[in-house]
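Below: the structure, in structure tokens.
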Amino acid sequence: MSKIEHEQQTAQADAAASNGSAERPPLPELLAVRRAKARQLLPPGETQFPYSYPDTKPIQEVHEHFAHLAAGEETEDLRRVAGRLAARRGQGKAAFMDLVDRSGRIQLHARLDVLGEEAFSRLLQIDLGDLLGVQGVVMRSNRGELSLRIDDYRVLAKSLRPPPDKHHGLADVETRYRQRELDLMSSEETRQVFIDRARIVSAVRSHLDQRGFIEVETPVLQPLYGGALARPFTTHHNALDRTLYLRIATELYLKRCIVGGLERVYELGKDFRNEGISTKHNPEFTMVEWYEAYADYLHEATRTEELVADVARAVSYSGELDCSSPWRRIGFVEAVQEASGIDIMAHHDAPSLAAAIAASEAVAASGLSIDTEGASWPQLADDLLSKFVEPQLRQPTFIIDYPLELSPFARAHRSKPGLAERWEAFAGGMEIANAFSELNDPDIQRERFEAQRRLADAGDEETQPYDQLFLEALEHGMPPTGGVGLGIDRLVMLLTGRSTIREVVLFPAMRT
RNA sequence: GGGCCGUUAGCUCAAUUGGCAGAGCAGGGGCCUCUUAAGCCCAAGGUUGUUGGUUCGAUUCCAACACGGCCCA
């Protein structure tokens, strides 16, 4: 066997295993019955998989247009709708059914005297879960339910497998994530989350578009990763015979666009980080980063406040977060001191800070532990913030002016020694955005890369690789620039009230 | 990585101090022309996550593993 054939077979075996296709339990009777019924019930000359069903209206539109109809009132208006059969209530010579499309649910009323013997009995035997197109007159039942009295219908696609429980839907969270199609078809709430997600993404784009930003697309496959402190996924380009990395951020390429004179750019897309999975982390996630020439980090704080408020309006957000400007702003050093009693700038090296942590009554009283063993000063400072401050930040808050050592791409603070012009935004107890006055002095940037290299040599696995092409770009002159990275998944979590990222990612990463 | 919890019919859930595993819905056969978790009658549906162990007997007790959830790292 050639090497390529072997690789292909291995890949196929992996794919089969990861789909679980080899071990799916069959549903022999249920499938066979549905298959047989489908064939039996097909009128002569019809296919159970027609190519189209034109001239339908969204169900919600029918509801809106006939909202005024009184109970028992009938019209002569014909409407066509299409969707999935969700419920059926037989009556012998009449029946009610519920049809669901992306916009809502509507009741269908089938009557023997309208449809005739054959069409009526065929309709009654259509399986729950089948896709159905119907045409009928609009009426409201005596009990007040808007309905279509069917005078014509067509099976649009056969469902061979039974749908989830018509009332309870899918309760097993594992199945909801692994077979999201079943979750979507049975839960209007789930559908709404992903509709809201789309509106959020769309609102972010339009907010930036309206302010003179252009959307750009930079490489996902990168010869060198950078722009964040994270471990990358590694892959291989066969023709070039070289290692490539899936991007962990878009930062460095976007700044090269700024050097090139595009002045206001953004990119909204997937980043990949080869790290743990948690309620706040998926290995691939969506981020928007924007960069703006001639602006600094405080200008970007205001822009971020406005953008988030605008996006919240776009989904009619009515939760507990107050997104209106200005958000609370507190210094990194002050926030840590307030929460832990430790002045990190007064203990500006690892042994001294470790000693201060060990001596802190607030730390001891909190029951939280900080692992000081072998930790660098920046790691300790970051740990203090993420353990003592971050979980308390429910309302939108900017933590501003980070220690310089934590921020290899941010400019030194114009007036506060040892700090960088950087903020992170928090809400709902988690980080949602990160911004700098971007470092544009190539010589200082070179020193920062060299410092990162020293950390890597000392065993730190999350460091910035030395990026010569980026340095050369800076040497051509980058204007003063403000840049922001905003996590879309987390923003969606906040605005849809979900507590785990898996609820806002259609197909989250799962084992096997 | 650690701790705790979970995994039973297609779906939603019961039950077992260790002794033939039960409902509702869905599916099958009937009845029913304003129902909406429709209703009524009948029949069917199970390797109780996997592999071992203890036991006369394990779905139940024990161990390991797999997958998932929550909390911690």
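The model shown is predicted, which means the values in this text are computed figures rather than measured ones. Residue numbers begin at 1 in each chain, while the letters A, B, ... track the order of the sequences. As a basis for the values below, the full set of heavy atoms in this structure was taken, side chains included, without hydrogen atoms, waters or symmetry mates.
Counting to the nearest Å, the P atom of B/U33 and the CD atom of A/Glu117 are 13 Å from each other. Atom CG of A/Leu182 and atom P of B/G10 are 14 Å apart (whole Å). Atom CE in A/Met185 sits about 13 Å away from atom P in B/C11, given to the nearest Å. Atom CD of A/Gln179 and atom P of B/G10 are 13 Å apart (whole Å). Rounding to whole angstrom units, CG of residue A/Leu124 and C1' of B/G28 are separated by 15 Å. Protein atom CZ of A/Phe120 is 10 Å distant from nucleotide atom C1' of B/C32, rounded to whole Å. Atom CD in A/Gln125 sits about 11 Å away from atom C1' in B/G28, given to the nearest Å.
When only modelled atom types and interatomic distance are considered, A/Arg197 and A/Thr286 share a side-chain donor-acceptor pair under 3.5 Å. Between the side chains of A/Asp196 and A/Thr496, no donor-acceptor pair of N or O atoms lies under 3.5 Å. Counted by atom type alone, A/Gln464 and A/Tyr225 present zero donor-acceptor pairs between their side chains at under 3.5 Å. A donor-acceptor pair shorter than 3.5 Å can be found between the side chains of A/Gln107 and A/Ser147. Judged purely by distance below 3.5 Å, without hydrogens or angles, the side chains of A/Glu145 and A/His109 never pair a donor atom with an acceptor atom. There is a side-chain donor-acceptor pair under 3.5 Å between A/Ser376 and A/Gln379.
Between B/U7 and B/U16, the distance separating the two P atoms is 13 Å to the nearest Å. Separation of the P atoms belonging to B/C4 and B/A64 is 11 Å when rounded to the nearest angstrom. Atom C1' of B/U55 sits at a distance of 9 Å from the matching atom of B/G18, rounded to the whole Å. Between B/G19 and B/A26, the distance separating the two C1' atoms is 32 Å to the nearest Å. The separation of B/G49 from B/G10, taken at their P atoms, amounts to 13 Å, rounded to a whole angstrom. The C1' atoms of B/U51 and B/A37 are separated by 41 Å, rounded to the nearest whole Å. On the P atoms, B/A58 is 35 Å away from B/C70, given to the nearest whole Å. Using P as the reference atom, B/G68 and B/G29 are 39 Å apart when rounded to the nearest Å.
Within the shown strands, B/G53 is the pairing partner of B/C61 under the Watson-Crick or G-U definition, both distances less than 3.5 Å. Nucleotide B/G39 has B/C31 as its partner under the Watson-Crick or G-U criteria, with both atom distances under 3.5 Å. Pairing partner, B/G45: none, since no Watson-Crick or wobble contact has both distances short of 3.5 Å. In this structure, B/G1 and B/C72 make a Watson-Crick or G-U wobble pair, each of the two defining distances being under 3.5 angstrom. Using Watson-Crick or G-U wobble geometry with both donor-acceptor distances under 3.5 Å, B/C67 finds its partner in B/G6. Look at B/U12: its Watson-Crick or wobble partner, with both distances under 3.5 angstrom, is B/A23.
The environment of A/Glu189 atom CD is sparse: at most 12 non-hydrogen atoms of other residues, nucleotides or ligands sit within 6.0 angstrom.
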For nucleotides 42-49 of chain B, list the nitrogen or oxygen atoms of the protein found under 3.5 Å from its nitrogen or oxygen atoms, one pair per line.
none

What are the atom names and distances for every N/O pair under 3.5 Å that joins the protein to nucleotides 34-38 of chain B?
unit_1 : atom_1 : unit_2   : atom_2 : d
B/C34  : O2     : A/Asn142 : N      : 2.8
B/C34  : N3     : A/Asn142 : N      : 3.3
B/U35  : OP2    : A/Arg143 : NE     : 2.6
B/U35  : OP2    : A/Arg143 : NH1    : 3.2
B/U35  : OP2    : A/Arg143 : NH2    : 2.1
B/U35  : O4'    : A/Gln91  : NE2    : 3.4
B/U35  : O2     : A/Arg89  : NE     : 2.8
B/U35  : O2     : A/Arg89  : NH2    : 3.4
B/U35  : O2     : A/Gln107 : OE1    : 3.1
B/U35  : N3     : A/Gln107 : OE1    : 2.8
B/U35  : N3     : A/Gln107 : NE2    : 2.9
B/U35  : O4     : A/Gln107 : NE2    : 3.0
B/U35  : O4     : A/Ser141 : OG     : 2.5
B/U36  : OP2    : A/Arg143 : NH1    : 3.4
B/U36  : O4'    : A/Arg89  : NE     : 2.9
B/U36  : O2     : A/Gln107 : OE1    : 3.4
B/U36  : O2     : A/Glu145 : OE1    : 3.4
B/U36  : N3     : A/Glu145 : OE1    : 3.3
B/A37  : O4'    : A/His167 : ND1    : 3.3
B/A38  : OP1    : A/Lys166 : NZ     : 2.2
B/A38  : OP2    : A/Arg89  : NH1    : 3.4
B/A38  : N7     : A/Gly90  : O      : 3.3
B/A38  : N6     : A/Gly90  : O      : 2.3

_Treating primed atoms plus P, OP1 and OP2 as sugar-phosphate and everything else as base, which nucleotides of nucleotides 64-73 of chain B get B, S or - for protein heavy atoms under 4.0 Å?_
---SSSS--S
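The two atoms that bring A/Leu494 and A/Gly428 nearest to each other are CD2-CA, 3.9 Å, heavy atoms only.
Partners of A/Lys57 according to the salt bridge (charged side-chain N to carboxylate O under 4.0 Å, His left out) rule, which considers only residues two or more places apart in sequence or in another chain, do not exist here. Under the salt bridge (charged side-chain N to carboxylate O under 4.0 Å, His left out) criterion, A/Arg89 pairs with A/Asp98, sequence neighbours left out.
The side chain of A/Leu170 sits closest to B/U12 out of B/U12, B/G28, B/G10.
The side-chain tip of A/Arg422 points at the ring of A/Tyr402 from less than 6.0 angstrom away and within 45° of straight on.
For the side chain to side chain donor-acceptor pair (under 3.5 Å) condition, the pairs that include at least one residue of residues 126-139 of chain A, sequence neighbours left out, are A/Lys37-A/Asp127, A/Arg80-A/Gln135, A/Asp127-A/Lys158, A/Asp130-A/Lys158, A/Gln135-A/Asp151.
Mapping A/Ile126 and A/Gly169 onto RNA chain B by nearest heavy atom places A/Gly169 closer to the 5' end of the strand.
By the 30° and 60° cut-offs, the orientation of the rings of A/Phe233 relative to A/Phe272 is perpendicular.
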